[in-house]
> 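Quick one: the structure is below, questions incoming.
What's counted below: heavy atoms across the whole structure, side chains too, no hydrogens, waters or symmetry copies. Every chain is numbered from 1, with letters handed out A, B, ... down the list of sequences.
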There are 2 protein chains.
Amino acid sequence: MKRTINLKGTAKELAQQLSEESCKKTIVIFGFCKAIFDGRIKSFLPGGDRLLIVKKDESLILHGSKGVKPLNWQKSGAGKINYSAKGSTLVVSTFRPKTKETLEILFTRVYQTTTFDDHDSATLNIFGSESDLSDYLFDHPEIIGPDFQPTTREYETPFGFIDLRGVDKHGNIIIVEVKKQSATPADAHQLKRYVDYFQDVEKVSVRGVLVAAGFSEKVLSLLRTYDFKPVVVFWQEIFPSKATLNMSHTLDDFYNNNPK
Amino acid sequence: MKRTINLKGTAKELAQQLSEESCKKTIVIFGFCKAIFDGRIKSFLPGGDRLLIVKKDESLILHGSKGVKPLNWQKSGAGKINYSAKGSTLVVSTFRPKTKETLEILFTRVYQTTTFDDHDSATLNIFGSESDLSDYLFDHPEIIGPDFQPTTREYETPFGFIDLRGVDKHGNIIIVEVKKQSATPADAHQLKRYVDYFQDVEKVSVRGVLVAAGFSEKVLSLLRTYDFKPVVVFWQEIFPSKATLNMSHTLDDFYNNNPK
DNA sequence: GCCTAGGTCCCGTGA
DNA sequence: TCACGGGGCCTAGGC
């Protein structure tokens, strides 16, 4: 049985077939279309060649000729996707009742329509997220400083969760904010909120540490103002061995070239 | 001349053809694949049916059966996309020298390979972005308060740009932060940074106003703590007429149904 | 090139 | 269900 089928017919016939296949197969349309979205914003997309994907969960993605981001899209959870014909034009439209969002795509030319009977039970396996990094710092406190002793991960405050909390040898509280990417001014301010909170609540000296992959001069200046310590960590250099270890069995499968 | 062509052949022949079409046409592969990404994170994607898009700008998008977001992707600007064959497996791989990021996709089965000779010079026309909303408030200051007089848009401070600045009838400075969506705690804190800055620098009384589509109880509580004013604005109800007016000529084109 | 901020952000998690 | 925060965020705009 073929996994992909290329449909033929007039706009009306296509609309009929697509309505039947909707939610059963992934639908891909290559064609010339315009699109209009009305919801959180209004957008109008003039005519051009585009690639439309409609998945079985009724998420819809309209891709242009450039970039990773679609031109228009609709998350799953909207109402049924509607396929219809206006003369020789194939119309694909969605309406999300809750937010009153509408998306209408008008294909004045359809070059190819493909249905894809795809099966996929796999889930993406990721290593190196921010929480992995905080775990790593908990196990390698010397990266923060020679006398840093971690005590708590994900400590809750009214202002949010503190990534990592600990003490130095004098018993001073140290609060660590962990970022995977380069630090932003907002990161520095977020840390300031936490430090202020603890100084108010615990009435003791609190030190702030911001861990990130890089620091701009502007952020460094902010950190000096607040008397916080920046710590640069090159995650990509730290993690490869551990990640490879963790994923080694799946990687074996990968390179052994045996499907599933 | 046909806009879409479905390629045939062994993995080796496909790899050869795709190498030639790369950057000239959009390439779409329906197949069973695994994928591994190593860069800012590491990810491993076990085997499953997927849809791969490679655009002419060498952006690459691998879609699974659900959701708007791709499973794996690569922005344009990486090195050349490489197509090769390992036995009967079609391998698509990328390498971004600057960040040393690699993505390798192994198709053990290819159901269909389509090239799309797409032409698109259109640009997406958007109305209702945050800056449009700030402009609107500048022209309709009464929404902020009966005695609000706007003075400046996009006022720069060391802590970032203030969306909207003005004064009340007593000459007090009013700082307005504008959000299109529901307000988050971070929005409240961002406003606090601006207000603190002005109080420090100008040594005058400063009032803070947060405009958003909605406020959670937690955010309202924060605003009370800081003595800031929340203003709820239903952008979707405010904008339709203006947006339609602005876009009326393009909308005429749209509904007149004449391609391009 | 880096830095900054917005997004129809999307998406997972937890209450 | 909603609120909150991360993301390989992506992308546009400034400098």
> How would DNA chain D look in dot-bracket form, 5' to 3', counting Watson-Crick and G-U wobble pairs with both distances under 3.5 Å and writing | for bases paired to another strand?
|||||||.|||||||
> Reckon A:T184 touches a base, only the sugar-phosphate, or nothing at all at heavy-atom distances under 4.0 Å?
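A:T184: no heavy atom of the nucleic acid under 4.0 Å.
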> At less than 4.0 Å, is any side-chain N or O atom of B:S182 found next to OP1 or OP2 of D:dA3? Yes or no.
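B:S182 to D:dA3 OP1/OP2: no side-chain N or O under 4.0 Å.
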> State whether the distance check finds a donor on one side and an acceptor on the other, under 3.5 Å, for side chain A:Q181 versus base D:dG7.
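Flag unset: no donor-acceptor pair detected.
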> Centroid separation under 6.0 Å, is that true for the rings of A:Y194 and A:F161?
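Ring centres of A:Y194 and A:F161 not closer than 6.0 Å.
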> Please work out if A:G67 contacts a base, only the sugar-phosphate, or nothing of the nucleic acid, heavy-atom cut-off 4.0 Å.
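Answer is sugar-phosphate: A:G67 comes under 4.0 Å of backbone atoms only.
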> A:K179 has an atom NZ; how far is it from atom C1' of D:dG8, in whole Å?
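After rounding, the gap between these two atoms is 16 Å.
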> CG of A:L71 versus P of C:dG7: gap in Å, rounded?
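A:L71 atom CG is separated from C:dG7 atom P by 17 Å.
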> Side chain of B:V68 only, please: which of D:dG8, C:dC11, C:dT8 is the nearest?
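Among D:dG8, C:dC11, C:dT8, the one nearest the side chain of B:V68 is C:dC11.
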> For B:K98, which contact category applies under a 4.0 Å heavy-atom criterion: base, sugar-phosphate, or nothing?
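Contact class for B:K98: sugar-phosphate only.
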> Which part of the nucleic acid, if any, lies within contact of B:S129, taking any heavy atom under 4.0 Å across all strands shown: a base, the sugar-phosphate backbone alone, or nothing?
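Sugar-phosphate contact only - B:S129 comes under 4.0 Å of backbone atoms but never of a base.
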> Taking atom P in both C:dT8 and C:dT4, what distance in whole Å separates the two?
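These two P atoms come out 22 Å apart once rounded.
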